[in-house]
*Asks:* 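Sharing a structure with you now.
Just so you know, these numbers come straight off a predicted model, no measurement behind them.
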Amino acid sequence: ILLEDESVNLEGVTVTASATTNRSDRKIIFLSENQVKASTNGVDLLQQLMLPKLQVNPLFNEVKLPGGGEIQYRINGVKVEIQDITALKPAEIIRIEFHDNPGLRYGNAEVVLDYIVHRPETGGSFGINLNDAVTSEWGNNYINGKINHKKSEFSVNYGISHRNFYKMWRDNEEKFTFEDGSTLHRKEIGEPGHLELYWQHLNGTYSFQDDNKMFNATLRYYTNDERHMDYKGTLYNIANPADAVYMTDNSSSKSHRPALDLYYQQNLKNDQTLVFNMVGTYNYTDNTRLYQECRDEFLLTDVNNNVTGKKYSLIGEGIYEKKIGANRISGGLKHTQSWSDNKYRNGQDYTTEMDQSETFLYGEFKGKVKKLDYTLGVGVTRSYYGQKGDESYDYYTFNPRIVLHYALPGNSFVRLRGDISNSSPSLSNLSAVEQTIDSLQIQRGNPALKNYLKYRTELTYELQKGIFYGNLWGTYEYQPKAIMDEKRLENDKIIQTWDNQKNWQRAAGRLTLRVGPVKDIVTL
């Protein structure tokens, strides 16, 4: 029997997989070729992905959450600022890890976006993004560069934003209801004023990375120069329109904030990881406000406020993680220390010196039983605050967390989460200094403010089948003794201050539906 060779051409075979992989605490998103081509930077890419919760404004390079929650950005696990994300080129991004249920190591972040990027061994890149208006003085401009050599990477990015408008005004209406039932109803009719702002940032980074360790050093500098925030117009009493004054409200502010961020990660044997992070920041601010009310060229109210502040902060963090089969155990310690000196000029001169610190110790275990993933965590927070001349406080809180994630048939799941977290008052709200706002109102801080707890539970159901995707989410939050503003009448003046109120509650729901891509281009 004689055998002969014969060639046969087979039809091509395409293997496709879901672009999203669901984990109990995150989504791993792989990018399509069209999504990369349609994007200009790491923020613009999020607009193409249409991830739940995220509200992306590519024009301003902004990403927000409904309700104003915290978004934390990372590149290869290292915490960065959004300016670093705008400097990313979509072609170098391998995947995005979208933590919509972040663990205790991420603090109070509601969402974590971790960009996993490719690091070339040699070469470099340069990028520029110019975004300017034609008919107005408005712009967001960025420039960045990167050089790679073996395991090292040097990068720098600079950005400047500017605004200069001469036709900006405001229309205000406010109504005060007093305890005796009487009311004061005022209205402000604005006239064109002036807005002039300049923001700049400069980041320089050195990074070293191999299979077992990573070191990242970043020097950041941010400056904000708001030269004019000027409003003017007529302010009158609605009950008596003849009772009117001409109002001028001009504000300006400057700030300078350098920071040094050092990050080190060591991968050990037996699936163990150690992480150390140290951040030092100095923040200088200078705010000025001139407020006047005139009637028939007679000056009735003249407020000239100036606040200068210096704040020093130091953040140190250590994290340990170990994988045990399909399970993972982790623990960490984070300490934040800040010192603030403020000088106030408001007819008289005041000086405040404040000291605030927070220490957070936590442990967390992630396990799996068949289709059920679960996370059990517990943390302890110590908060301290002291102001020169006032009493200090020392406050401890208990922060447990539980997450249950159950995989359903197909690419769908249901997840239940509950946690208790801690919230501290801001240093500006704790200052007892009074500042005059206008002829009626005085703003006064409250040194007696206390920390409070935030209780939250949320339920998520997600379904993905073919080109269809749906996400149904609901939450209930309860915050006893929450810090909120209040107003009260004192010596014929309205005092605007803050206090620990009875409680704050919120029930919210969200439905996300997505269809696409249609013909590999359109997503709805």
Side-chain angles (χ1 to χ4, degrees), residues 20-21 23-31 39 41-47 49 51-54 56 61-65 69-119 144 146 153 155-157 159 201 203-210 213-220 222 259-267 273-279 281 315-321 328 330 332 334 336 360 362 364 366 375:
T20 303
T21 300
R23 303 279 177 86
S24 62
D25 60 343
R26 76 191 76 176
K27 299 177 184 297
I28 301 176
I29 299 130
F30 298 92
L31 313 179
S39 306
N41 58 47
V43 174
D44 188 41
L45 179 62
L46 297 176
Q47 177 76 1
L49 297 177
L51 298 173
K53 294 186 180 181
L54 300 185
V56 183
N61 284 316
E62 292 178 345
V63 186
K64 297 181 180 180
L65 294 174
E70 178 190 347
I71 301 176
Q72 192 176 114
Y73 302 94
R74 292 178 177 255
I75 298 177
N76 289 344
V78 181
K79 188 177 179 181
V80 298
E81 303 292 332
I82 192 169
Q83 291 85 2
D84 302 288
I85 303 301
T86 60
L88 283 179
K89 296 174 179 57
E92 64 187 8
I93 300 173
I94 301 172
R95 66 182 186 273
I96 295 179
E97 297 191 359
F98 174 60
H99 298 248
D100 57 346
N101 179 35
L104 288 171
R105 66 169 291 185
Y106 301 106
N108 293 324
E110 187 173 336
V111 163
V112 176
L113 291 167
D114 193 355
Y115 290 73
I116 308 302
V117 303
H118 171 68
R119 289 171 57 105
N144 61 79
K146 184 183 298 182
E153 180 178 274
S155 65
V156 62
N157 68 76
H201 74 266
N203 297 345
T205 301
Y206 168 74
S207 177
F208 176 90
Q209 182 176 337
D210 62 17
K213 58 180 175 291
M214 177 193 299
F215 173 73
N216 197 89
T218 302
L219 182 62
R220 310 181 191 277
Y222 174 83
L260 178 62
D261 188 338
L262 303 176
Y263 178 94
Y264 179 78
Q265 177 177 320
Q266 179 71 54
N267 299 325
T273 304
L274 277 176
V275 175
F276 299 97
N277 192 202
M278 183 73 71
V279 182
T281 305
I315 303 173
E317 182 178 19
I319 299 170
Y320 171 79
E321 291 187 351
R328 184 171 63 185
S330 63
K334 181 178 182 180
T336 303
F360 179 56
Y362 76 91
E364 193 171 59
K366 294 184 178 182
T375 302

*Asks:* Output the distance between atom CG (Asn144) and atom OG1 (Thr86), rounded to the nearest 0.5 Å.
*Replies:* 7.5 Å
*Asks:* So Tyr320 and Val275, side-chain contact (heavy atoms from CB on, under 4.5 Å) or not? Walk me through it.
*Replies:* CA-CA 7 Å; Tyr320 171 79; Val275 175; over 6 Å; no
*Asks:* Before you tell me yes or no, could you show the steps for Gln265 and Tyr263 under side-chain hydrogen bond (donor to acceptor under 3.5 Å, both in side chains), namely the whole-Å CA-CA distance, both residues' side-chain angles and the distance that decides it to 0.1 Å?
*Replies:* CA-CA 7 Å; Gln265 177 177 320; Tyr263 178 94; 2.8 Å; yes
*Asks:* Using modelled atom types and a 3.5 Å cut-off, is there a donor and acceptor pairing between side-chain atoms of Asn157 and backbone atoms of Asp84?
*Replies:*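 Checked: no pair found.
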*Asks:* Would the distance check show the side chain of Asp44 and the main-chain N or O of Asn41 forming a donor-acceptor pair, the cut-off being under 3.5 Å?
*Replies:*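 Flag not set: sc Asp44 to bb Asn41 has no pair under 3.5 Å.
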*Asks:* Using a strict threshold of under 4.0 Å (side-chain N to carboxylate O), is an ion pair present between Lys79 and Asp261?
*Replies:* no
*Asks:* Where is the tightest heavy-atom contact between Glu317 and Arg105, given as atom of each residue plus distance?
*Replies:* OE2-O, 3.6 Å
*Asks:* Main chain of Arg220, side chain of Asn203: is a donor-acceptor contact present, judged purely on distance under 3.5 Å?
*Replies:*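 Such a contact is absent between Asn203 side chain and Arg220 backbone.
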*Asks:* Which atom pair, heavy atoms only, marks the closest approach of Val63 to Ile71?
*Replies:*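 Looks like O-CD1, 3.5 Å.
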*Asks:* Glu70 and Ala109: which non-hydrogen atoms are nearest, and at how many Å?
*Replies:*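 Scanning both residues, the minimum pair turns out to be OE1-N, 3.7 Å.
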*Asks:* Report yes if the side chains of Thr375 and Asp25 come closer than 4.5 Å at any heavy-atom pair, otherwise no.
*Replies:* no
*Asks:* Applying the side-chain contact (heavy atoms from CB on, under 4.5 Å) test to Ile96, which of Leu45, Ile28, Val117 qualifies?
*Replies:* Leu45
*Asks:* Check Glu110 against Leu65 and note the closest heavy-atom contact, atom names and distance.
*Replies:*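 That would be CB-CD1, 3.9 Å.
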*Asks:* Atom OG of Ser330 and atom NZ of Lys366: how far apart are they, to the nearest 0.5 Å?
*Replies:*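 NZ of Lys366 is found 7.0 Å from OG of Ser330.
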*Asks:* Crowded around Arg23 CZ? As in, over 12 foreign heavy atoms under 6.0 Å?
*Replies:* no
*Asks:* Can you confirm whether Phe98 sits close enough to Val111 that some side-chain heavy atom of one is under 4.5 Å from a side-chain heavy atom of the other?
*Replies:*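 They are in contact (side-chain heavy atoms under 4.5 Å apart), so the answer is yes.
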*Asks:* About how many Å separate CD1 of Ile94 and CZ of Phe30, when rounded to the nearest 0.5 Å?
*Replies:*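 That separation rounds to 9.5 Å.
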*Asks:* Find out whether Arg95 and Leu31 are in side-chain contact, i.e. whether some heavy atom of one side chain is under 4.5 Å from a heavy atom of the other.
*Replies:*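 Not touching, per the 4.5 Å side-chain cut-off.
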*Asks:* For the residue pair Tyr206 and Phe215, does the interplanar ring angle fall in the parallel (under 30°), tilted (30 to 60°) or perpendicular (over 60°) class?
*Replies:* tilted
*Asks:* State, with a plain yes or no, whether a side-chain heavy atom of His99 is found less than 4.5 Å away from one of Tyr106.
*Replies:* yes
*Asks:* Between Ile315 and Lys334, what is the shortest heavy-atom contact and its length?
*Replies:* CG2-CE, 3.7 Å
*Asks:* Using a distance-only test with no angle check, is there a side-chain donor-acceptor pair under 3.5 angstrom linking Asn101 and Lys27?
*Replies:*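 Their side chains do not contain a donor-acceptor pair, so the 3.5 Å distance test is not met.
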*Asks:* So how far is it from Tyr73 OH to Ile82 CD1, rounded to the nearest 0.5 Å?
*Replies:*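 The distance works out to 3.5 Å.
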*Asks:* Drop me the distance from Leu46's CG to Glu62's CD, to the nearest 0.5 angstrom.
*Replies:*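 So the CG of Leu46 and the CD of Glu62 are separated by 13.0 Å.
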*Asks:* Hey, are the side chains of Ile29 and Leu51 touching, using non-hydrogen atoms and a 4.5 Å cut-off?
*Replies:*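 They are in side-chain contact.
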*Asks:* For Glu92, is there an ion pair with Lys146 - N to carboxylate O distance below 4.0 angstrom?
*Replies:* yes
*Asks:* Could you report the tightest heavy-atom contact between Ile319 and Glu321, atom names first, then the distance?
*Replies:*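 Minimum heavy-atom contact is CG2-CG, 4.2 Å.
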*Asks:* Quick one: CG on Leu49 to OG on Ser39, what's the gap to the nearest 0.5 Å?
*Replies:* 7.0 Å
*Asks:* Is any side-chain heavy atom of Arg74 closer than 4.5 Å to a side-chain heavy atom of Leu113?
*Replies:*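 Of all side-chain heavy-atom pairs linking Leu113 with Arg74, none is under 4.5 Å.
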*Asks:* Any side-chain donor-acceptor pair under 3.5 Å between Asn76 and Asp114?
*Replies:* no
*Asks:* Check whether any side-chain heavy atom of Tyr115 sits under 4.5 Å from a side-chain heavy atom of Glu97, and report yes or no.
*Replies:*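 No, too far: nothing below the 4.5 Å cut-off.
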*Asks:* Given side chains that start at C-beta, do those of Asp210 and Phe208 come closer than 4.5 Å, heavy atoms only?
*Replies:* yes
